[in-house]
Amino acid sequence: MAASLLRRDKRSAAASLKAECCGQDGRGAQLLGELLDSVLSPERAVAEAEVIEWCKCLMAGGESFDDFCKMVRGYDNATLCGLVWTANFVAYRCRTCGISPCMSLCAECFNAGEHTGHDFNMFRSQAGGACDCGDSSVMRDSGFCKRHRSATSSNIPSVPNELMMMSEHILPRVILRLIQHLRDGYSEPVSDPATERDLQKTLQLMEPLISLLEDLTKMGGAMRSILTRVLTNHQIYKDLSSGDHCTGEKTYAKKNYEKYLAALKGSGLVSSEERSVTSVLDQMAGASNVTILGATAGTGQMDSSDEEEQDGSQGIGKRKRVKLSNSTKDSSIMDILKHKCFLEEILFWTVKYEFPQKMVTFLLNMLPDQNYKIAFTKTFVQHYAFIMKTLIKSHESDTMSNRIVHISVQLFSNEELARQVTEECQLLEIMVTVLLYMMESCLIKSELQDEENNFHVVVNCGEPLLKNNTYWPLVSDFINILSHQSVAKRFLEDQGLLQMWMNFVSFFQGMNLNKRELNEHVEFESQTYYAAFAAELEACAQPMWGLLTHCKIKETQEYTRTVVRYCLDALQDWFDAINFVDEPAPNQVTFHLPLHRYYAMFLSKAIRCQQLDLDSLLPDQEMLMKMMVHPLQIQASLSEIHSNMWVRNGLQIKGQAMTYVQSHFCNSMIDPDIFLLQICASRLDPDYFVSSVFERFKVVDLLTMASQHQNAALDTEHERSMLEGALTFLVILLSLRIHLGMTDDEILRAEMVAQLCMSDRTHSTLLDLIPENPNPKSGIIPGSYYFETMLSAVADFKAPVFEPGGSMQQGMYTPKADIWNQEFDPIMVILRTVYRRDVQSAMDRYMGFLKQTGKFCGNPWPPYRERAPLNPSYKGLMRILHCKTLHIVLFTLLYKISMDHQNMSEHILCMALYLIELGLDNLPEETVEEEEMLGEERCSDSWFHGTNIATNLHHIINYVRVRLPETAPEVTREPPASTSSDASSFVQSSNTAQVFSLVAERRRKFQEIINRNSGNAIQTAAVRPKTSKWTAPNSTPQLTTTILEVRESMLSLLIKLHHKLSGKQNSYYPFWLEDSESTSRLDPMQQIHGDGITAVERILIKTAARSRQNKCSIEEICRKVAPPVPPKKSSSADKKALDKEERRQKARERQQKLLAEFASRQKSFMETAMDLESPDSDVAMDIGSSEQQDAETVYDCVICGQSGPSTEERPTGLVVLLQASSVLGHRRRSTEPKKLPTSDEEQIYPEDTCGTVHDVRITDLQQYFKDSSCLQSVSIGWEGGVYVQTCGHTLHIDCHKSYMESLRKDQVLQSFSVDKGEFTCPLCRQFANSVLPCYPEKNEEKSIWTPYSNKNLMTLIKEVEEQQEQLGMFPSITNLSKEMESVMKDIRSTTQKKYIDYGKTPGSPDNDFLFMYSVARLNLELELVHRGGNLCLGGASATTKRSCLNQLLHVLAMHMRLFRIDSAYNPWTRLTQLTQVIDLGICDDEKPEVPLLYRDVSSLLLILVLTMPQELHKEHFTCIVKVLYNLLYTQAIATLSVRFSKEERTAWKNPRKLKTMYNSDKSWEVLLSHIICELSKGKLYSASDTDQVSMLSTSAWSPQSIEYSIQQFCLPFLRTTSLLQHHLFGDDLPSCQRTEEEFGMLASYLGLLPPSLQSSDEVNSSSCLEWPIAALDIISQWCLEVTTSAESHSEQVMNLLVQDPQWSLPCLLQLPENYNTIFQYYHRKACVHCSKVPKDPALCLVCGTFVCLKGQCCKQQSYCECVLHSQNCGAGTGIFLLINASVIIVIRGHRFCLWGSIYLDTHGEEDKDLRRGKPLYLCNERYKVLEQQWVTHTFDHINKRWGPHYNGL
Ligand SMILES: [Zn+2]
Ligand SMILES: [Zn+2]
Ligand SMILES: [Zn+2]
Ligand SMILES: [Zn+2]
Ligand SMILES: [Zn+2]
Ligand SMILES: [Zn+2]
Ligand SMILES: [Zn+2]
Ligand SMILES: [Zn+2]
C-alpha cells in the first residue's frame, strides 16, 4: 500500500493520506507510518531532495507547501521578534530601553521603534544573538517596534487541528531520522583530522533537513508549539528512540541506539551503578573509576596535557601540576546524563558535534515558544557540565565559546527563567562545581613565601585554559545569573556555595608570582601576566561586583557578614598554607590578591550602605597585620619597578605595574588594596604601621641625621626614588577618600578631573579612562546622563578645527579654568597615571594655567588640597599623622634637606610638607594644651614627648646620637661638652634624642601586639625573622656612634628652608609682626598656588593659627638673627670655569639659533608648498614666467647649494611630481552635485561626465573622418592625462642623479620607491618623481608688449604660415635635450597605455602628438580649476602655486616640432584662405578631413602654438588667437542655430538688417542669418527639429540671451588662452570685479579688443572679430565642409556640431548627513561582479562604484577590485569609503594611506571600525578638505603615512 503511494504524485498522495488520517480507524496513521518507513529509511541519504520534498508535501497535506506556510503563519500568536543572528551581524543596543544590559535589537526592529534621543549604539555581534523586541523581561515596552508592540495573542484565532495534524504525525519521525543520522555519523575525535572531516561531512549531509526544520520554526507560534510538543514529549522519545517502535528494521534501530549509548559512555556520562554494570571491559583495560576528578574524561584530559609537557612545550613544562582530591563536588553534576526526550538528545549531539551553527540557529529559533524555552533552559542546565568539559577539550574553543554564549545569553538573561532553573536544577551548584573542576585541571604549587613548606595551590597562568581565556563563557554565564537579585540571594544564603566559591577564588590568590632578578637579565620574558590579570578581573572581580550590587541596603547586612566571614576563613587558610608569619619573603611580588580584595570591598559596602560597625567585621590585630603585608608589598614593588630595580625581569614587569593601576583594573585592584591598607592603618599601632612602610620601601637606612650612611637593602642610585615612593604612598594613603567617604558623584568628578588634567581628551578616550563604577545600578556608568552632566561641569569642549596640511583634529575636552584653580589634585593624578610622564604633563599644564591667569609665574609645586571629610569609621587613620615615628622621619628629612644631604629632592620636601600640613589640618580632638600637659617620658628615646604634631613642631631637638661610617665628616668633630663619651648611658638627658631604629621600633610594637593578642610567649620565637637583611645594628663594624649637635625644631628648620628656597637671608618674617592689617593673608587657602616658599609660608600660618605656643616660637626664631649662610665663594678657578661655561653656553645658543633658523626656513618652505590657499605666496616664485628682463634666470641647486643659470651643458631642473589624473573627466555639465545612492531606486549614470562625452565624440568622429585628422580635432587626457606640479625647488640634473644613487643605496626604509624614480625634494621633503629641465633663457629680445603691432593681420598670417613651412629642426644633442627627452618618457610612462593610444593604428605618431598637446591642455585646464573655474580674480587669484607650465611647454614644444603637418592638411590654410581642399578629400577613397566647425578650437590653438618651429613671438601668438576666435565665434553661432526652434530659425534667417550694413562682418545677426542659410542646404536642421536638442532650448531667444550664450561659449577658450599667454610670455593676468566683465577683460588681455576698450564697458562678443578675408565667404566654406559630409552621418551631425565646452568644477559625490543611511544600505549590499556581500565593502567617492575591498572574489590578474577601480576610475588615484570602518582610504598608484574619517560623532570624534557604534554625522569641513586634496592633486604632499598596497586592496 505504502509502496503504491510512493509511486504516486506526492501532492495527491498527501491529500489522500490526510483524508485517511482524519478517519477514526487509524488506518491512515498506519499507512503514513509505512510510507515514512520508506521515505525516511536509513538506507536513503538523510536529506536528499526527494526526502525533503516528501516531508513538505506530507505536512502540507495536499496543499502546496508555500500555501501551507502562509496558512500556518496566519495563526502566529508570537509577540516576540526572536530573530536569531550569527557572528558579525549588525545589531543595536539601547541603554535607555534595556532592562538587561545584554539586550539587543535587530536593525529592522530598531529602526521601526522610537529611540530618538536615547543612549543607543550599533554593534557588530561577536558571538551571535537574538532580537529581544517584544520581550518585556529584557527591555521596556516603550522600545518595542510597532510590529511587536501591537501584536497580542488575543486576536489570533486558535489553530484548527486539521491544519497541523499531518505535521504532528510526521515530525517525530523526521526528528528521529535526524537523531539516527547524528548517531551514525559520530565517532570520537582522536585528534585526527580525518575524523574531524567525517564529522563535518555528517553535518553537511543533513543540512537540508535542518534547514527544513528552521523553516518550520519561522512559520510562527502554531508550528513552534507542535515542534515543542514533539521535542519535549517523553513518550514519543521512549517509543521511538530505542528502536522498539518498528518491526521491520529492528536490527538497524537497535544498533543505532547502541551507538548512542556508546557515545554517552564514551563521554563519561553514565552513573556509577550503570557504569559498574557496563564497564567490566573498561576496568579490565585498566581505566578505573578515579575519584580525583570524578570523571574518566577528566583524567583523560590531564593525561593528554601531561604528554604535551613531555613534548617540551614551554612555560608549562617546568612546574608540575597538582591534583586535588576534592570531596565537595557532587559527582552527579559532573558525570550523569539521562535523556528523556528528543530535545535532550539533540542537545547532547549538538554538544558532541561542538555546536554546529545550523543546529544552534534551529534551537534558538524555537525560543519564542515559552514552553520550549523553559524545557530547553532546563536541558541546557542539565548538560552544562558536559558542555564545559567538551569546551576544554575542543580544538576550536573560540568558535565553540561564542556559540555557547550565543545560546546561554538568551536563556540566562531572563530573571524568571534563571531563578526557576536555579531552584529546580541546581544551576548555581552546577556552575560553581564546573568552575572548580575547570580550574583544578591547571593547578600548581604556589612558591610564594615559604617555597618548601607551602601547600597552597594556584592556577598556572601558562596553561591554555587561562591563556586562551577558555573559561570565559562559563564566567560570563555566572556573572549574568548573579545579576539577578533572586539568584544572587540564593547564592549569598547558601553557605556551602560560598565556601566553594572562596575556595575557587583562592586558586587565584598569589598566582603569577614574580621574583626579582638580581644578577642576570631574564632570558625569556613570560607574558603570562595577561592571563593572570584577565583571570582575576573576569573570574574573581566581576562576580564580586555582581554580588556587591545586591548588598546595598541594611536588610542585606547578613549577607555581607557571611561573605566577610568566609573571606576571613579563606584568608586564614591561605596564610597558613603559605606558611606566613610576619615578614614577606624579599624580592618577590604577586599582584593577585583576590581574597584581600573581596574582603576589602565587602567591608566598604558594609560601612557605606549597610550601616554595619566596622570593628565587628574586623579580625584581631595579628590578622590585620598579616593582611597589611601583601598589599603593602605591592605598593613598595611598584616603587621599585619605577625605580628600575626590576629591569632584569624585562619589560613585562612594567607591564604588570601599569596594568595594576590602569583604568579597567584599578577599581578591582589598586583601589581595594589602598582601602585595605587604610583600614589597617586606622586600626594598627601607627608607629608600627609607619615603620613598616619605610622598612618595606627599604629606605630605613637613609633616614639618618648623619650625612653619610650605609644601606644594606638598597643601592644609592635607588634611594632617592624609593624614598619619594614611600612618602608619596603615605600621602596617597592619608588623602585618598575613594572608599572613605566620597560619594559616587565626587568620585566620578575626581576621576574626570584627574584624566583631563593630564591631557585634553576626546570623549571616547575619557570614557575609556574613567574606571567604570562597577556597580551598574549606581547610575555612574560612563556614557550615562550623569557622566555627560559631570563632563560639562568640569570641562569645555574644543570643537575639531582643521588646519590645512595639518593633522586631522578631533573634538577634545579640556578642564575649565576653575578646575585648575580649585580641583586639580596631583595626588589623584599620581594614583591614576599609567605612564609616569603623565604626572609631569599635568604639572606642565597646571603651570601654563597659572602663568596665563597671572596667578603664579614660577615653577609651581603640586597644589595642596583639602580633603572630603572622613567617614567616622575610619577616623583612626589620622593617627598616622600624629605618631612619633612619622615626626622623627619628618624632622630628619627637614634637617637633611636643610643640610643638603645626598639623595634628597624637592619632591621629598614637597611630600614631607604635605604630610605636615595634613597633620595640621587633622589635629586630634584633644586640645593642644592638654597634649602638652601630657609630656611624660615613657619612651626609651627622647625625641618627642607627645604625638600631636602641633606640639612636636616647636619641640627643639638639641642633640642626636647617630651611627655613621667612620669616614663621615661628623666623626672628626669633638663631641659637645655636655655629653659624655659613653653615649649609651645618656638616657637621662631628655635633650638628646636617641639613635632611632625604625626597624627595632616596628619589631617591638609587633611583639607587643602579639603578646597582647595571644598572651603566649612561645609565639615570639616564631616572630624572629630568618631574613636579617634589614639592619642588623652590629653587623657593620665600620659604623661608629657619634653625637650630633642639632638645636633645631621642625619650625626652625622650616624657616631655614624658607630662606634656602628663596635664596635670601631672613626672607621669612611673620606677617602678623610687620602688618596687622593684612588679614587676608590669614586665610591659608588663599595661597594654594605657588612654589615651596608658598607652601612653607602656608604651613607656618597654619601652625601659628593652631597654637599660641607655635606662634611664639616662630616669632622667636625670626627675631634671632640667623647665622649668615656664607655665600658660595667663587675663586678665580671657579671664575675661569664660569667663563668657559659662559662661552660654551653662548656657542650653544648660537648653534641653537642656527638650527632654529634652518628649521623655520625648511618649515616655511613646507607651509607654502602645501598651503594652497595662502594668499601671501610669493609671485616671484613663479619660475620662468616672471624673470627679470635684463638678467638670465639664476637657479639655486638645493643639493650642492650653488647658483647659476641653466645651460645646455649643465641643465638645471625643477623638482616635479608627475601624476596621472582623471579629475577633469569627472566634471559634469550640471552644477547640481551628484548624490550618493542610498537605495535601490537611486542610480548614478556616468553618461554626462566630461570623460564620457569626449570619448563618445572621438569615437563618432573616427567613424566618419580620417583618423589623423580626428586625432587633431580633440583633446584627450580628461581621463588619465598627466598633471605636472612642482614644489618650486630646482637642482642640477647631475646633482639629482647622484642624489638618486645615494637614495638607492640607503638601506633606510622609505615610504616611496626609489626604483620607480620616486624621491622627496631634498629641501622641502615634498614627494616627487621626476625633474623637469629648465629651458635656458635666450637673450634675444622678448617681444615687448605691443598690443597692436604695426603689421596688419594679413602680414602676420603670412609670417605664421611661412614659419610653419620651415622644417622642424632636430635639436642638437645636448645634455639638455637628452633630459627633455627623458622627462617626456617619464610623462608618457606615468599614465597607462590606454590613455595614450586613441588612434586606430596603435603606436602611430598621431597618437603621440595628440597626447602631448593634451598634456598641455590638461595642465592649463587644471590650473583654471584650481583658480576656481574662471579668471575674474586673475593674477591675484587664490592659486598662485608655483607653476612649471612654461618649462613644460618648452619640453612639449621640442617634441611636437618634430612632427610636420602636411601642408595640404594644415588647418592654418583652411582658417585663413579660401581653398578647394574639400574636393581633394572626396575623390580619394579615404575618409574626409574633420570639418573645421567640428574641431576643438583650444586644441587647434595648442597645436599651432606648440608646433611653431622657433620661439613664438607675441604678435604671432595674438594673430593665431584672432584667427581662431573667428572660427570659435562661428561655431558658437552654428551651435546656437541648432538650438533654435524651426520658427525661430526662419525668423532669424532673414534679418531686418541688410547684409550691406556697415561692418556687416561684425554683426552677429548677419552672421547668424548667413550660417542658417548655409547649413540649411544640407538638410541639417531637419534632423534636429525632431531631436531633443531643440526641446532643451530656452523658450525664446532674445538678442541678450543670444549674446550671453555666445560669450559663455567662447569664455572657456579665452580662459585657457589667457593662461597660455600668461605662461608663455609672463604677462600678469588682469582681474575684474564682476563675472560679467570677465569676457571683455580677457578679450582685451588677448588683444582681441583694443586696450582702450575697458572691461567695464559693455562688450559685444562680435566686436572681437577680425576677419582676414571676407567673412561670409570663409564661413560658407566652413559650412560647406559640414553639409557635404553630413550625408554620411546625419544622425551624429547634431552632436558633432553642437559643442558645449562648459563644465562645472569637479566634485566628489554628495553624501548623506547621517552615516547610518550609508551603512544600512551598503553593509549588506551585494557586489555586482561577484554577487556576494563583501566582507569589506568599499565605495568610490568619485563615481559611487561599490567594490569588494581585499576580496579574492573580485580579483583580476592579482589586482583586487579596489586597486583595479582606482586605475579605471581615477587613473591610479582612488578615494574609497570603507563602509564597515567609516574610514577613507586613498590609493595613489602603488601606495595607499588611511586618510581618516569624514564622519564624526556628536563629540567631534572619529569612530574607526565603528567600535563605539554611536551615530555619526558628516563633517563638511573635512569632506571639503578631502575634495580639495583630490582636485589639487595634493594627496601625496599632505598625507604622511603611505604604504605599498601590493595590489591587494
Ligand atoms: Zn527584531
Ligand atoms: Zn520588533
Ligand atoms: Zn531606546
Ligand atoms: Zn647642484
Ligand atoms: Zn621642494
Ligand atoms: Zn570610481
Ligand atoms: Zn566586487
Ligand atoms: Zn567580490
Side-chain angles (χ1 to χ4, degrees), residues 76 78-85 91-101 103-123 129-136 138-152 220 368 783-785 1220-1223 1225-1228 1234 1236-1237 1244-1246 1249-1252 1279-1280 1706-1709 1711 1727-1729 1737-1749 1754 1761-1777 1784-1788 1813-1815 1826-1827 1830 1849:
D76 185 8
T79 54
L80 294 164
C81 171
L83 179 84
V84 176
W85 58 73
Y92 289 82
R93 179 160 291 150
C94 179
R95 270 177 221 93
T96 317
C97 297
I99 295 171
S100 153
M103 161 274 203
S104 50
L105 290 173
C106 67
E108 204 179 318
C109 285
F110 178 80
N111 289 322
E114 185 50 59
H115 301 278
T116 336
H118 287 191
D119 178 19
F120 65 85
N121 69 289
M122 182 177 82
F123 67 98
C131 180
D132 290 319
C133 189
D135 186 346
S136 52
V138 181
M139 64 182 285
R140 278 174 249 284
D141 309 17
S142 55
F144 296 167
C145 75
K146 278 171 231 116
R147 198 155 55 99
H148 298 115
R149 193 180 326 174
S150 53
T152 46
S784 74
Y785 169 74
S1221 161
S1222 295
V1223 170
H1226 287 287
R1227 291 179 300 179
R1228 299 183 318 140
K1234 242 190 311 188
L1236 175 74
I1244 288 184
Y1245 303 101
T1249 61
C1250 168
T1252 321
E1279 288 177 317
C1707 55
L1708 297 175
L1709 296 177
L1711 298 178
C1727 164
V1728 285
H1729 293 119
L1739 200 56
C1740 173
L1741 289 183
V1742 177
C1743 70
T1745 301
F1746 182 71
V1747 292
C1748 309
L1749 182 79
C1754 288
E1761 199 174 15
C1762 228
V1763 174
L1764 209 59
H1765 182 76
S1766 74
Q1767 292 175 352
N1768 295 331
C1769 167
T1773 302
I1775 307 168
F1776 298 94
L1777 172 62
I1784 306 278
I1785 59 164
V1786 172
I1787 295 181
R1788 274 274 308 122
K1814 288 286 180 184
L1826 179 71
E1827 188 177 83
W1830 173 61
L1849 288 179

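Atoms within a ligand are numbered from 1 in the order they appear, just like the ligands themselves.
Sorting the N, O or S atoms of H148 by how far they are from the Zn ion (ligand 2) puts ND1 first. The Zn ion (ligand 3) lies closest to atom ND1 when only the N/O/S atoms of H118 are considered. Considering just the N/O/S atoms of H115, the one nearest the Zn ion (ligand 3) carries the name ND1.
Using a 4.5 Å heavy-atom threshold, the side chains of C1754 and C1727 count as touching. Taking 4.5 Å as the limit, every side-chain heavy atom of L1849 sits out of range of all side-chain heavy atoms of E1761. The shortest side-chain heavy-atom distance between L1711 and L1741 falls under the 4.5 Å cut-off.
Between the side chain of E1827 and the backbone N or O of L1708 there is at least one donor-acceptor pair closer than 3.5 Å.
Cation-pi geometry between R93 and F123 is met: under 6.0 angstrom from the ring centre, within 45 degrees of the axis.
C145 lies close to the Zn ion (ligand 2), since one of its N, O or S atoms is found at a distance under 2.8 Å. Distances from the Zn ion (ligand 2) show that C133 has an N/O/S atom below 2.8 Å.
Atoms SG of C1743 and SG of C1769, as seen from the Zn ion (ligand 6), are separated by an angle of 120°, to the nearest 10°.
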